[in-house]
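Worksheet: one structure, shown below.
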2 protein chains.
Amino acid sequence: MQIAPADAPSLTDHEDNTLSGRTTADLREAIIKGDIKAGEKLNEPSLAKQFKVSRGPLREAIRRLVAMGLVTHKPHQGATVVTLGLDSIMELYDVREALEGKAAALAAQNMSDEQIAHLKRVLEIHRRHHEDTAGEYLQAEGDFDFHYQVIQGCGNRMLADQLCNELYHLVRMFRYQTSRFKSRSQRALVEHEQLIYAIEQRDPQMAEMVMRHHIARAKQSIRNFLTSEEDHEQ
Amino acid sequence: MQIAPADAPSLTDHEDNTLSGRTTADLREAIIKGDIKAGEKLNEPSLAKQFKVSRGPLREAIRRLVAMGLVTHKPHQGATVVTLGLDSIMELYDVREALEGKAAALAAQNMSDEQIAHLKRVLEIHRRHHEDTAGEYLQAEGDFDFHYQVIQGCGNRMLADQLCNELYHLVRMFRYQTSRFKSRSQRALVEHEQLIYAIEQRDPQMAEMVMRHHIARAKQSIRNFLTSEEDHEQ
DNA sequence: GGAGCCACTATTGTCAACAATATGCTCTGT
DNA sequence: ACAGAGCATATTGTTGACAATAGTGGCTCC
(Lines give C-alpha, C1' and ligand atoms only; values in the text may rest on other atoms or scores of the structure.)
Protein backbone atom coordinates (compact mmCIF):
# COMPACT_ATOMS: atom_id res chain seq x y z
CA MET A 1 0.00 0.00 0.00
CA GLN A 2 1.41 3.32 -0.96
CA ILE A 3 0.31 6.77 -0.06
CA ALA A 4 0.26 9.64 -2.49
CA PRO A 5 2.11 8.30 -5.52
CA ALA A 6 5.41 10.03 -5.83
CA ASP A 7 5.16 11.98 -9.03
CA ALA A 8 3.91 11.85 -12.55
CA PRO A 9 3.26 8.08 -12.70
CA SER A 10 -0.27 8.94 -11.80
CA LEU A 11 -2.72 6.38 -10.57
CA THR A 12 -4.57 6.54 -13.84
CA ASP A 13 -1.55 5.78 -15.96
CA HIS A 14 -2.70 2.63 -17.59
CA GLU A 15 -1.54 4.54 -20.59
CA ASP A 16 -0.33 2.46 -23.45
CA ASN A 17 3.22 2.28 -24.66
CA THR A 18 2.47 3.89 -27.98
CA LEU A 19 3.86 7.28 -28.84
CA SER A 20 0.34 8.60 -28.86
CA GLY A 21 -0.28 7.34 -25.34
CA ARG A 22 2.96 8.63 -23.90
CA THR A 23 2.48 11.98 -25.62
CA THR A 24 -1.01 12.21 -24.13
CA ALA A 25 0.39 11.67 -20.65
CA ASP A 26 3.29 14.07 -21.18
CA LEU A 27 1.15 16.82 -22.64
CA ARG A 28 -1.44 16.32 -19.94
CA GLU A 29 1.10 16.72 -17.18
CA ALA A 30 2.65 19.72 -18.89
CA ILE A 31 -0.73 21.42 -18.93
CA ILE A 32 -1.74 20.41 -15.43
CA LYS A 33 1.53 21.52 -13.90
CA GLY A 34 1.40 24.82 -15.74
CA ASP A 35 4.40 24.32 -18.00
CA ILE A 36 1.91 25.24 -20.67
CA LYS A 37 -0.11 28.05 -19.18
CA ALA A 38 -3.86 28.39 -19.06
CA GLY A 39 -5.30 30.04 -22.14
CA GLU A 40 -2.20 29.31 -24.16
CA LYS A 41 -2.55 28.11 -27.71
CA LEU A 42 -1.26 24.68 -28.61
CA ASN A 43 0.91 24.96 -31.68
CA GLU A 44 1.12 21.58 -33.32
CA PRO A 45 4.46 21.83 -35.14
CA SER A 46 6.25 23.33 -32.17
CA LEU A 47 4.80 20.84 -29.68
CA ALA A 48 5.55 17.95 -31.99
CA LYS A 49 9.15 19.06 -32.13
CA GLN A 50 9.24 19.51 -28.38
CA PHE A 51 7.93 16.01 -27.68
CA LYS A 52 9.95 14.52 -30.52
CA VAL A 53 6.98 13.01 -32.28
CA SER A 54 5.16 13.59 -35.51
CA ARG A 55 2.00 15.62 -35.69
CA GLY A 56 -0.18 12.52 -36.00
CA PRO A 57 0.25 11.16 -32.46
CA LEU A 58 0.27 14.70 -31.12
CA ARG A 59 -3.08 15.44 -32.68
CA GLU A 60 -4.52 12.27 -31.19
CA ALA A 61 -3.18 13.32 -27.82
CA ILE A 62 -4.84 16.71 -28.17
CA ARG A 63 -8.12 15.02 -29.07
CA ARG A 64 -7.94 12.97 -25.89
CA LEU A 65 -7.27 16.04 -23.82
CA VAL A 66 -10.24 17.75 -25.41
CA ALA A 67 -12.39 14.86 -24.27
CA MET A 68 -10.84 15.26 -20.82
CA GLY A 69 -11.88 18.89 -20.74
CA LEU A 70 -8.35 20.19 -20.36
CA VAL A 71 -8.27 21.94 -23.72
CA THR A 72 -10.83 23.29 -26.12
CA HIS A 73 -10.67 22.97 -29.85
CA LYS A 74 -12.09 24.98 -32.70
CA PRO A 75 -11.93 23.83 -36.32
CA HIS A 76 -9.16 25.49 -38.31
CA GLN A 77 -8.17 27.50 -35.29
CA GLY A 78 -6.47 24.94 -33.14
CA ALA A 79 -6.56 24.01 -29.49
CA THR A 80 -6.10 26.18 -26.43
CA VAL A 81 -5.66 25.27 -22.77
CA VAL A 82 -8.81 25.90 -20.76
CA THR A 83 -8.84 28.76 -18.31
CA LEU A 84 -10.32 27.72 -15.01
CA GLY A 85 -12.22 30.77 -13.88
CA LEU A 86 -14.18 30.85 -10.66
CA ASP A 87 -17.32 29.87 -12.55
CA SER A 88 -15.74 26.76 -14.04
CA ILE A 89 -14.44 25.67 -10.67
CA MET A 90 -17.85 26.09 -9.11
CA GLU A 91 -19.38 24.05 -11.92
CA LEU A 92 -16.72 21.39 -11.50
CA TYR A 93 -17.42 21.06 -7.81
CA ASP A 94 -21.15 20.73 -8.42
CA VAL A 95 -20.46 17.83 -10.74
CA ARG A 96 -18.09 16.34 -8.23
CA GLU A 97 -20.71 16.67 -5.53
CA ALA A 98 -23.24 14.75 -7.58
CA LEU A 99 -20.87 12.06 -8.79
CA GLU A 100 -18.82 11.49 -5.68
CA GLY A 101 -21.93 11.64 -3.55
CA LYS A 102 -23.38 8.76 -5.48
CA ALA A 103 -20.00 7.01 -5.38
CA ALA A 104 -20.00 7.23 -1.59
CA ALA A 105 -23.51 5.79 -1.45
CA LEU A 106 -22.50 2.90 -3.66
CA ALA A 107 -19.30 2.42 -1.68
CA ALA A 108 -21.38 1.97 1.45
CA GLN A 109 -23.23 -0.81 -0.33
CA ASN A 110 -20.43 -2.50 -2.20
CA MET A 111 -17.08 -1.95 -0.52
CA SER A 112 -15.52 -5.08 0.91
CA ASP A 113 -14.48 -5.16 4.55
CA GLU A 114 -10.91 -5.38 3.36
CA GLN A 115 -11.32 -2.21 1.31
CA ILE A 116 -12.84 -0.42 4.27
CA ALA A 117 -9.91 -1.47 6.41
CA HIS A 118 -7.57 -0.10 3.78
CA LEU A 119 -9.51 3.17 3.76
CA LYS A 120 -9.01 3.42 7.50
CA ARG A 121 -5.29 2.95 7.10
CA VAL A 122 -5.15 5.72 4.51
CA LEU A 123 -7.00 8.04 6.84
CA GLU A 124 -4.65 7.15 9.67
CA ILE A 125 -1.64 7.97 7.53
CA HIS A 126 -3.13 11.32 6.63
CA ARG A 127 -3.82 12.07 10.27
CA ARG A 128 -0.25 11.25 11.24
CA HIS A 129 1.05 13.37 8.44
CA HIS A 130 -1.18 16.24 9.48
CA GLU A 131 -0.04 16.05 13.08
CA ASP A 132 3.63 15.81 12.15
CA THR A 133 3.74 18.63 9.65
CA ALA A 134 1.04 20.90 11.05
CA GLY A 135 -1.14 20.65 7.94
CA GLU A 136 1.21 20.43 5.06
CA TYR A 137 0.95 20.75 1.34
CA LEU A 138 0.89 17.04 0.54
CA GLN A 139 -2.61 17.07 1.95
CA ALA A 140 -3.92 18.07 -1.43
CA GLU A 141 -2.78 14.95 -3.23
CA GLY A 142 -3.40 12.88 -0.16
CA ASP A 143 -6.93 14.13 0.05
CA PHE A 144 -7.63 12.91 -3.40
CA ASP A 145 -5.97 9.63 -2.58
CA PHE A 146 -8.67 9.10 0.01
CA HIS A 147 -11.41 10.04 -2.41
CA TYR A 148 -9.78 7.81 -4.98
CA GLN A 149 -10.10 4.80 -2.71
CA VAL A 150 -13.78 5.52 -2.14
CA ILE A 151 -14.41 5.91 -5.85
CA GLN A 152 -12.63 2.68 -6.69
CA GLY A 153 -14.62 0.92 -4.04
CA CYS A 154 -18.01 2.00 -5.34
CA GLY A 155 -18.14 -0.85 -7.84
CA ASN A 156 -19.42 1.28 -10.70
CA ARG A 157 -16.75 1.34 -13.37
CA MET A 158 -18.45 3.94 -15.51
CA LEU A 159 -18.77 6.32 -12.58
CA ALA A 160 -15.18 5.72 -11.56
CA ASP A 161 -13.91 6.37 -15.06
CA GLN A 162 -15.81 9.64 -15.34
CA LEU A 163 -14.31 10.83 -12.09
CA CYS A 164 -10.76 9.55 -12.40
CA ASN A 165 -10.12 9.96 -16.10
CA GLU A 166 -11.76 13.30 -16.63
CA LEU A 167 -12.73 15.40 -13.64
CA TYR A 168 -9.74 14.34 -11.53
CA HIS A 169 -7.28 15.99 -13.91
CA LEU A 170 -9.22 19.24 -13.86
CA VAL A 171 -9.08 19.24 -10.08
CA ARG A 172 -5.34 18.60 -10.18
CA MET A 173 -4.88 21.45 -12.64
CA PHE A 174 -6.81 23.79 -10.40
CA ARG A 175 -4.74 22.77 -7.39
CA TYR A 176 -1.50 23.44 -9.20
CA GLN A 177 -2.75 26.84 -10.26
CA THR A 178 -3.72 27.86 -6.75
CA SER A 179 -1.21 25.88 -4.74
CA ARG A 180 -1.15 28.66 -2.18
CA PHE A 181 -4.68 27.64 -1.27
CA LYS A 182 -4.51 25.23 1.65
CA SER A 183 -6.39 25.08 4.91
CA ARG A 184 -9.37 22.92 5.59
CA SER A 185 -7.15 19.89 6.21
CA GLN A 186 -8.21 19.56 9.86
CA ARG A 187 -11.84 19.72 8.93
CA ALA A 188 -11.34 17.39 5.99
CA LEU A 189 -9.93 14.76 8.33
CA VAL A 190 -13.03 14.90 10.48
CA GLU A 191 -15.28 14.69 7.47
CA HIS A 192 -13.36 11.74 6.09
CA GLU A 193 -13.78 10.06 9.43
CA GLN A 194 -17.53 10.61 9.28
CA LEU A 195 -17.60 9.12 5.82
CA ILE A 196 -15.80 5.99 6.92
CA TYR A 197 -18.27 5.63 9.74
CA ALA A 198 -21.20 5.86 7.34
CA ILE A 199 -19.64 3.33 4.99
CA GLU A 200 -18.89 1.00 7.87
CA GLN A 201 -22.52 1.24 8.96
CA ARG A 202 -23.49 0.34 5.39
CA ASP A 203 -25.64 3.45 5.31
CA PRO A 204 -25.75 4.73 1.70
CA GLN A 205 -27.90 7.77 2.41
CA MET A 206 -25.67 8.95 5.21
CA ALA A 207 -22.53 8.28 3.18
CA GLU A 208 -23.90 10.30 0.29
CA MET A 209 -24.95 13.14 2.55
CA VAL A 210 -21.57 13.30 4.26
CA MET A 211 -19.68 13.25 0.96
CA ARG A 212 -21.90 15.91 -0.57
CA HIS A 213 -21.53 18.19 2.41
CA HIS A 214 -17.79 17.56 2.37
CA ILE A 215 -17.48 18.65 -1.25
CA ALA A 216 -19.99 21.47 -0.93
CA ARG A 217 -17.97 22.89 1.95
CA ALA A 218 -14.79 22.61 -0.06
CA LYS A 219 -16.54 24.46 -2.86
CA GLN A 220 -17.65 27.24 -0.53
CA SER A 221 -14.17 27.46 0.94
CA ILE A 222 -12.69 27.89 -2.52
CA ARG A 223 -15.26 30.50 -3.44
CA ASN A 224 -14.46 32.52 -0.35
CA PHE A 225 -10.75 32.26 -0.98
CA LEU A 226 -10.92 33.22 -4.64
CA THR A 227 -13.38 36.08 -4.28
CA SER A 228 -11.42 37.64 -1.41
CA GLU A 229 -8.30 37.31 -3.53
CA GLU A 230 -10.06 39.06 -6.37
CA ASP A 231 -10.92 41.91 -4.04
CA HIS A 232 -7.31 42.24 -3.02
CA GLU A 233 -6.05 42.37 -6.55
CA GLN A 234 -8.52 44.90 -7.79
CA MET B 1 -23.14 -4.32 -42.04
CA GLN B 2 -24.17 -1.09 -43.72
CA ILE B 3 -23.00 2.45 -43.56
CA ALA B 4 -25.13 5.00 -41.82
CA PRO B 5 -27.28 7.19 -44.02
CA ALA B 6 -25.82 10.64 -44.28
CA ASP B 7 -28.72 12.17 -42.37
CA ALA B 8 -27.77 12.60 -38.77
CA PRO B 9 -29.46 15.78 -37.60
CA SER B 10 -28.86 15.05 -33.96
CA LEU B 11 -29.50 17.64 -31.30
CA THR B 12 -25.85 17.76 -30.43
CA ASP B 13 -24.54 18.31 -33.92
CA HIS B 14 -22.47 21.37 -33.45
CA GLU B 15 -20.00 19.17 -35.26
CA ASP B 16 -17.46 20.93 -37.37
CA ASN B 17 -17.31 20.79 -41.13
CA THR B 18 -14.02 18.96 -41.24
CA LEU B 19 -13.83 15.42 -42.53
CA SER B 20 -12.85 14.35 -39.06
CA GLY B 21 -15.95 15.93 -37.57
CA ARG B 22 -18.35 14.56 -40.13
CA THR B 23 -16.77 11.11 -39.88
CA THR B 24 -17.19 11.23 -36.12
CA ALA B 25 -20.89 11.97 -36.49
CA ASP B 26 -21.39 9.35 -39.19
CA LEU B 27 -19.54 6.63 -37.35
CA ARG B 28 -21.30 7.53 -34.14
CA GLU B 29 -24.73 7.20 -35.73
CA ALA B 30 -23.73 3.97 -37.44
CA ILE B 31 -22.81 2.50 -34.09
CA ILE B 32 -25.79 3.86 -32.20
CA LYS B 33 -28.29 2.70 -34.80
CA GLY B 34 -26.71 -0.73 -34.91
CA ASP B 35 -25.42 -0.63 -38.49
CA ILE B 36 -22.19 -1.61 -36.83
CA LYS B 37 -23.19 -4.15 -34.24
CA ALA B 38 -22.21 -4.27 -30.61
CA GLY B 39 -18.96 -6.09 -29.99
CA GLU B 40 -17.90 -5.71 -33.58
CA LYS B 41 -14.33 -4.79 -34.36
CA LEU B 42 -13.62 -1.53 -36.12
CA ASN B 43 -11.32 -2.22 -39.04
CA GLU B 44 -9.62 1.01 -39.99
CA PRO B 45 -8.86 0.40 -43.67
CA SER B 46 -12.31 -0.97 -44.41
CA LEU B 47 -14.12 1.80 -42.52
CA ALA B 48 -11.95 4.43 -44.15
CA LYS B 49 -12.96 3.06 -47.53
CA GLN B 50 -16.64 3.03 -46.58
CA PHE B 51 -16.63 6.61 -45.37
CA LYS B 52 -14.41 7.69 -48.22
CA VAL B 53 -11.79 9.24 -46.00
CA SER B 54 -8.20 8.51 -45.13
CA ARG B 55 -7.24 6.67 -42.00
CA GLY B 56 -6.13 9.88 -40.30
CA PRO B 57 -9.53 11.49 -39.78
CA LEU B 58 -11.05 8.08 -39.11
CA ARG B 59 -8.62 7.42 -36.30
CA GLU B 60 -9.44 10.79 -34.77
CA ALA B 61 -13.12 9.95 -35.00
CA ILE B 62 -12.50 6.66 -33.23
CA ARG B 63 -10.59 8.45 -30.50
CA ARG B 64 -13.54 10.76 -29.92
CA LEU B 65 -15.89 7.80 -29.74
CA VAL B 66 -13.62 6.16 -27.21
CA ALA B 67 -13.91 9.27 -25.08
CA MET B 68 -17.67 9.07 -25.52
CA GLY B 69 -17.68 5.53 -24.20
CA LEU B 70 -19.15 4.06 -27.37
CA VAL B 71 -16.07 2.04 -28.26
CA THR B 72 -13.12 0.63 -26.39
CA HIS B 73 -9.59 0.62 -27.62
CA LYS B 74 -6.58 -1.54 -26.88
CA PRO B 75 -3.11 -0.68 -28.17
CA HIS B 76 -2.11 -2.65 -31.23
CA GLN B 77 -5.40 -4.49 -31.17
CA GLY B 78 -7.81 -1.87 -32.39
CA ALA B 79 -11.20 -0.61 -31.35
CA THR B 80 -14.40 -2.55 -30.74
CA VAL B 81 -17.94 -1.36 -30.20
CA VAL B 82 -18.99 -1.63 -26.57
CA THR B 83 -21.49 -4.28 -25.60
CA LEU B 84 -24.13 -2.88 -23.30
CA GLY B 85 -24.83 -5.70 -20.91
CA LEU B 86 -27.33 -5.38 -18.10
CA ASP B 87 -24.55 -4.40 -15.74
CA SER B 88 -23.38 -1.52 -17.93
CA ILE B 89 -26.92 -0.22 -18.28
CA MET B 90 -27.43 -0.31 -14.53
CA GLU B 91 -24.17 1.58 -14.07
CA LEU B 92 -25.20 4.09 -16.69
CA TYR B 93 -28.49 4.77 -14.97
CA ASP B 94 -26.80 5.26 -11.62
CA VAL B 95 -24.60 7.92 -13.19
CA ARG B 96 -27.61 9.49 -14.86
CA GLU B 97 -29.43 9.52 -11.54
CA ALA B 98 -26.61 11.41 -9.87
CA LEU B 99 -25.99 13.85 -12.70
CA GLU B 100 -29.54 14.55 -13.80
CA GLY B 101 -30.67 14.76 -10.22
CA LYS B 102 -28.21 17.55 -9.62
CA ALA B 103 -29.21 19.10 -12.95
CA ALA B 104 -32.83 19.20 -11.83
CA ALA B 105 -31.86 20.85 -8.56
CA LEU B 106 -29.86 23.49 -10.41
CA ALA B 107 -32.66 23.93 -12.91
CA ALA B 108 -35.03 24.75 -10.07
CA GLN B 109 -32.61 27.49 -9.04
CA ASN B 110 -31.55 28.85 -12.38
CA MET B 111 -34.15 28.24 -15.05
CA SER B 112 -35.79 31.38 -16.38
CA ASP B 113 -39.57 31.69 -16.35
CA GLU B 114 -39.48 31.59 -20.12
CA GLN B 115 -37.58 28.29 -20.05
CA ILE B 116 -40.06 26.84 -17.60
CA ALA B 117 -42.90 27.88 -19.88
CA HIS B 118 -41.18 26.14 -22.75
CA LEU B 119 -40.77 23.03 -20.63
CA LYS B 120 -44.49 23.06 -20.01
CA ARG B 121 -45.18 23.26 -23.72
CA VAL B 122 -42.90 20.28 -24.36
CA LEU B 123 -44.74 18.28 -21.73
CA GLU B 124 -48.08 19.27 -23.25
CA ILE B 125 -46.97 18.06 -26.67
CA HIS B 126 -45.91 14.75 -25.19
CA ARG B 127 -49.21 14.37 -23.41
CA ARG B 128 -51.16 15.06 -26.61
CA HIS B 129 -49.00 12.61 -28.49
CA HIS B 130 -49.49 10.01 -25.80
CA GLU B 131 -53.25 10.42 -25.86
CA ASP B 132 -53.47 10.36 -29.65
CA THR B 133 -51.31 7.32 -30.25
CA ALA B 134 -51.97 5.33 -27.08
CA GLY B 135 -48.33 5.47 -25.92
CA GLU B 136 -46.27 5.33 -29.03
CA TYR B 137 -42.67 4.78 -29.85
CA LEU B 138 -41.62 8.38 -30.35
CA GLN B 139 -41.95 8.71 -26.62
CA ALA B 140 -38.39 7.49 -26.28
CA GLU B 141 -36.81 10.38 -28.13
CA GLY B 142 -39.47 12.74 -26.80
CA ASP B 143 -38.68 11.68 -23.29
CA PHE B 144 -35.12 12.65 -23.73
CA ASP B 145 -36.18 15.89 -25.31
CA PHE B 146 -37.82 16.77 -22.02
CA HIS B 147 -34.76 15.80 -20.04
CA TYR B 148 -32.64 17.69 -22.53
CA GLN B 149 -34.52 20.89 -21.81
CA VAL B 150 -34.04 20.47 -18.08
CA ILE B 151 -30.33 19.81 -18.53
CA GLN B 152 -29.86 22.83 -20.74
CA GLY B 153 -31.70 24.94 -18.22
CA CYS B 154 -29.54 23.96 -15.27
CA GLY B 155 -26.94 26.60 -16.07
CA ASN B 156 -23.96 24.33 -15.52
CA ARG B 157 -22.22 23.88 -18.82
CA MET B 158 -19.83 21.22 -17.61
CA LEU B 159 -22.66 19.12 -16.27
CA ALA B 160 -24.67 19.59 -19.46
CA ASP B 161 -21.72 18.57 -21.62
CA GLN B 162 -21.10 15.42 -19.62
CA LEU B 163 -24.72 14.41 -20.03
CA CYS B 164 -25.39 15.45 -23.60
CA ASN B 165 -22.08 14.70 -25.26
CA GLU B 166 -21.28 11.42 -23.57
CA LEU B 167 -23.98 9.65 -21.61
CA TYR B 168 -26.77 10.69 -23.93
CA HIS B 169 -25.34 8.70 -26.83
CA LEU B 170 -25.02 5.59 -24.70
CA VAL B 171 -28.66 5.90 -23.75
CA ARG B 172 -29.62 6.30 -27.39
CA MET B 173 -27.59 3.23 -28.32
CA PHE B 174 -29.30 1.21 -25.63
CA ARG B 175 -32.72 2.35 -26.83
CA TYR B 176 -31.98 1.33 -30.38
CA GLN B 177 -30.81 -2.07 -29.22
CA THR B 178 -33.95 -2.71 -27.20
CA SER B 179 -36.48 -0.71 -29.15
CA ARG B 180 -39.11 -3.29 -28.26
CA PHE B 181 -38.88 -1.99 -24.71
CA LYS B 182 -41.58 0.63 -24.20
CA SER B 183 -44.14 1.16 -21.48
CA ARG B 184 -43.80 3.56 -18.59
CA SER B 185 -44.84 6.48 -20.77
CA GLN B 186 -47.99 7.16 -18.74
CA ARG B 187 -46.02 7.14 -15.53
CA ALA B 188 -43.25 9.18 -17.06
CA LEU B 189 -45.72 11.91 -17.93
CA VAL B 190 -46.87 12.12 -14.35
CA GLU B 191 -43.31 12.22 -13.09
CA HIS B 192 -42.38 14.92 -15.56
CA GLU B 193 -45.35 16.91 -14.33
CA GLN B 194 -44.14 16.57 -10.77
CA LEU B 195 -40.72 17.77 -11.83
CA ILE B 196 -42.11 20.86 -13.47
CA TYR B 197 -44.05 21.61 -10.32
CA ALA B 198 -40.91 21.37 -8.22
CA ILE B 199 -38.98 23.58 -10.59
CA GLU B 200 -41.81 26.09 -10.66
CA GLN B 201 -41.78 26.16 -6.87
CA ARG B 202 -38.04 26.83 -7.06
CA ASP B 203 -37.51 23.87 -4.75
CA PRO B 204 -34.11 22.31 -5.59
CA GLN B 205 -34.34 19.45 -3.10
CA MET B 206 -37.75 18.38 -4.32
CA ALA B 207 -36.70 18.69 -7.95
CA GLU B 208 -33.65 16.53 -7.31
CA MET B 209 -35.68 13.96 -5.44
CA VAL B 210 -38.30 13.74 -8.16
CA MET B 211 -35.72 13.40 -10.90
CA ARG B 212 -33.77 10.76 -9.03
CA HIS B 213 -36.84 8.71 -8.34
CA HIS B 214 -37.87 9.11 -11.96
CA ILE B 215 -34.58 7.71 -13.21
CA ALA B 216 -34.31 5.08 -10.51
CA ARG B 217 -37.74 3.80 -11.48
CA ALA B 218 -36.74 3.70 -15.12
CA LYS B 219 -33.67 1.74 -14.11
CA GLN B 220 -35.73 -0.76 -12.15
CA SER B 221 -38.17 -1.06 -15.02
CA ILE B 222 -35.33 -1.87 -17.40
CA ARG B 223 -33.86 -4.40 -15.01
CA ASN B 224 -37.19 -6.20 -14.70
CA PHE B 225 -37.66 -6.21 -18.43
CA LEU B 226 -34.18 -7.46 -19.27
CA THR B 227 -33.97 -10.12 -16.59
CA SER B 228 -37.38 -11.53 -17.49
CA GLU B 229 -36.26 -11.57 -21.11
CA GLU B 230 -33.16 -13.47 -20.10
CA ASP B 231 -35.31 -16.04 -18.37
CA HIS B 232 -37.37 -16.51 -21.49
CA GLU B 233 -34.39 -17.00 -23.69
CA GLN B 234 -32.62 -19.48 -21.48
C1' DG C 1 -5.11 59.77 -43.68
C1' DG C 2 -8.22 56.00 -43.17
C1' DA C 3 -10.76 52.01 -44.86
C1' DG C 4 -11.09 48.10 -47.59
C1' DC C 5 -9.16 44.63 -50.58
C1' DC C 6 -5.56 41.36 -51.92
C1' DA C 7 -1.69 38.51 -51.48
C1' DC C 8 1.25 36.13 -48.24
C1' DT C 9 2.29 33.30 -44.40
C1' DA C 10 1.61 30.45 -40.71
C1' DT C 11 -1.19 26.74 -39.08
C1' DT C 12 -4.52 23.22 -39.33
C1' DG C 13 -6.63 19.37 -42.03
C1' DT C 14 -5.77 15.40 -45.05
C1' DC C 15 -3.41 11.90 -47.38
C1' DA C 16 -0.61 7.84 -48.84
C1' DA C 17 3.50 5.36 -47.89
C1' DC C 18 6.46 3.17 -44.28
C1' DA C 19 7.43 0.68 -39.79
C1' DA C 20 6.18 -2.15 -36.02
C1' DT C 21 3.32 -5.25 -33.76
C1' DA C 22 -0.10 -9.00 -33.14
C1' DT C 23 -2.51 -12.92 -34.99
C1' DG C 24 -3.07 -17.11 -37.45
C1' DC C 25 -1.10 -20.70 -40.05
C1' DT C 26 2.15 -23.98 -41.46
C1' DC C 27 5.75 -26.90 -40.75
C1' DT C 28 8.52 -29.69 -38.05
C1' DG C 29 9.81 -32.68 -34.40
C1' DT C 30 8.56 -35.97 -31.04
C1' DA D 1 -1.57 -36.78 -33.89
C1' DC D 2 -0.31 -32.99 -31.11
C1' DA D 3 2.63 -29.19 -29.37
C1' DG D 4 5.56 -25.63 -30.27
C1' DA D 5 8.33 -22.60 -32.93
C1' DG D 6 8.80 -19.72 -36.77
C1' DC D 7 7.11 -17.47 -40.69
C1' DA D 8 3.47 -14.90 -43.39
C1' DT D 9 -0.15 -11.74 -43.36
C1' DA D 10 -3.22 -8.44 -41.89
C1' DT D 11 -3.78 -4.46 -38.97
C1' DT D 12 -2.34 -0.79 -36.17
C1' DG D 13 1.10 2.96 -35.23
C1' DT D 14 3.93 6.59 -37.27
C1' DT D 15 5.82 9.68 -40.51
C1' DG D 16 6.59 13.47 -43.83
C1' DA D 17 4.60 15.68 -47.64
C1' DC D 18 0.55 17.98 -49.67
C1' DA D 19 -3.95 20.79 -49.55
C1' DA D 20 -6.94 24.06 -47.58
C1' DT D 21 -8.13 27.60 -44.46
C1' DA D 22 -7.71 31.64 -41.24
C1' DG D 23 -5.16 35.41 -39.76
C1' DT D 24 -1.81 39.26 -41.09
C1' DG D 25 0.38 42.74 -43.30
C1' DG D 26 0.88 45.86 -46.92
C1' DC D 27 -0.99 48.11 -50.72
C1' DT D 28 -4.21 50.89 -53.17
C1' DC D 29 -8.09 53.79 -53.68
C1' DC D 30 -11.29 57.03 -51.97
Side-chain angles (χ1 to χ4, degrees), chain A residues 13-28 30-31 35-83 165, chain B residues 1 3-4 6 8 13-28 30-31 35-83:
Chain A
D13 267 345
H14 320 304
E15 305 285 0
D16 40 72
N17 268 342
T18 66
L19 269 190
S20 173
R22 281 197 300 272
T23 304
T24 303
D26 289 348
L27 184 56
R28 192 189 61 207
I31 288 174
D35 297 335
I36 304 176
K37 296 184 194 70
E40 191 168 330
K41 188 167 183 306
L42 296 182
N43 185 297
E44 292 183 3
S46 114
L47 279 176
K49 209 162 123 188
Q50 201 172 318
F51 287 114
K52 303 241 191 351
V53 295
S54 176
R55 276 181 55 219
L58 182 82
R59 281 173 66 87
E60 291 196 3
I62 289 177
R63 280 277 139 74
R64 296 203 221 180
L65 295 186
V66 168
M68 243 176 245
L70 287 176
V71 308
T72 59
H73 179 91
K74 288 191 169 186
H76 297 287
Q77 295 183 32
T80 58
V81 179
V82 293
T83 55
N165 293 335
Chain B
M1 181 191 67
I3 322 173
D13 268 343
H14 328 100
E15 305 285 358
D16 41 70
N17 269 343
T18 66
L19 269 190
S20 174
R22 281 196 300 271
T23 304
T24 304
D26 289 348
L27 184 56
R28 191 188 62 205
I31 288 173
D35 296 334
I36 304 177
K37 295 185 195 72
E40 191 167 329
K41 189 168 182 307
L42 296 182
N43 184 295
E44 292 182 4
S46 118
L47 280 176
K49 211 161 121 189
Q50 283 185 34
F51 288 116
K52 304 237 185 2
V53 295
S54 174
R55 278 181 55 219
L58 183 81
R59 282 174 65 87
E60 291 196 1
I62 289 177
R63 279 278 140 74
R64 296 203 221 179
L65 264 39
V66 169
M68 243 176 245
L70 287 176
V71 307
T72 59
H73 179 92
K74 288 192 168 187
H76 298 285
Q77 295 181 32
T80 58
V81 179
V82 294
T83 56

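Labels below follow one simple rule: chain letters A, B, ... track the order of the sequence lines, proteins then strands, and each chain is numbered from 1. On a predicted model such as this, the values are computed, not experimentally measured, just so you know.
Distances from the side chain of A:Asn43 to the nucleotides C:dG13, D:dT14, C:dT11 place C:dT11 closest. Distance from the side chain of B:His76 is smallest to C:dA22 among C:dA22, D:dG16, C:dA17. Residue A:Val53 has its side chain nearest to D:dT15 when only C:dT14, D:dG13, D:dT15 are considered. Here the nucleotide nearest the side chain of A:Ser54, chosen from D:dG13, D:dG16, C:dT12, is D:dG16. With D:dT15, D:dT14, C:dC15 as the candidates, the nucleotide lying closest to the side chain of A:Thr18 is D:dT14. When the nucleotides C:dA17, C:dT14, C:dT12 are ranked by their closest atom to the side chain of B:Arg55, C:dA17 comes out on top.
You'll find the side chain of B:Leu47 stays beyond 4.5 Å of the side chain of B:Thr23, heavy atoms only. A heavy-atom distance below 4.5 Å is found between the side chains of B:His76 and A:Thr18. The shortest distance between side-chain heavy atoms of A:Leu42 and A:Leu65 does not fall below 4.5 Å.
In this structure, CZ of A:Arg59 is placed 15 Å from P of D:dT15, rounded to the nearest angstrom. Between the CG atom of A:Leu19 and the C1' atom of C:dA19 there is a distance of 12 Å, given to the nearest Å. Rounded to whole Å, atom P of C:dT14 lies 10 Å from atom CG of B:Asn17. Here C:dT14 presents its P atom at 15 Å from CZ of B:Phe51, a figure rounded to the nearest Å. Rounded to whole angstrom, the span from the CD atom of A:Glu44 across to the C1' atom of D:dA20 amounts to 14 Å. As rounded to whole Å, 13 Å separates atom P of C:dA20 from atom CZ of A:Arg22. What separates NZ of A:Lys49 from C1' of D:dG16 is a distance of 15 Å, to the nearest Å. At whole-Å resolution of the value, NZ in A:Lys52 and C1' in D:dT14 are 17 Å apart.
Closest approach of A:Thr80 to A:Lys41, counting heavy atoms only: CG2-CA, 3.9 Å.
If you check every strand for non-hydrogen atoms under 4.0 Å, A:Gly56 touches a base. In this structure, B:Leu42 reaches the sugar-phosphate backbone alone: every heavy-atom distance under 4.0 Å involves primed, P, OP1 or OP2 atoms, never a base.
Judged by distance alone, the side chain of B:Arg22 and the main-chain N or O of B:Asn17 form a donor-acceptor pair under 3.5 Å.
For B:Lys41 and A:Gln77, each mapped to the nucleotide of DNA chain D holding its nearest heavy atom, the one lying further toward the 5' end belongs to B:Lys41.
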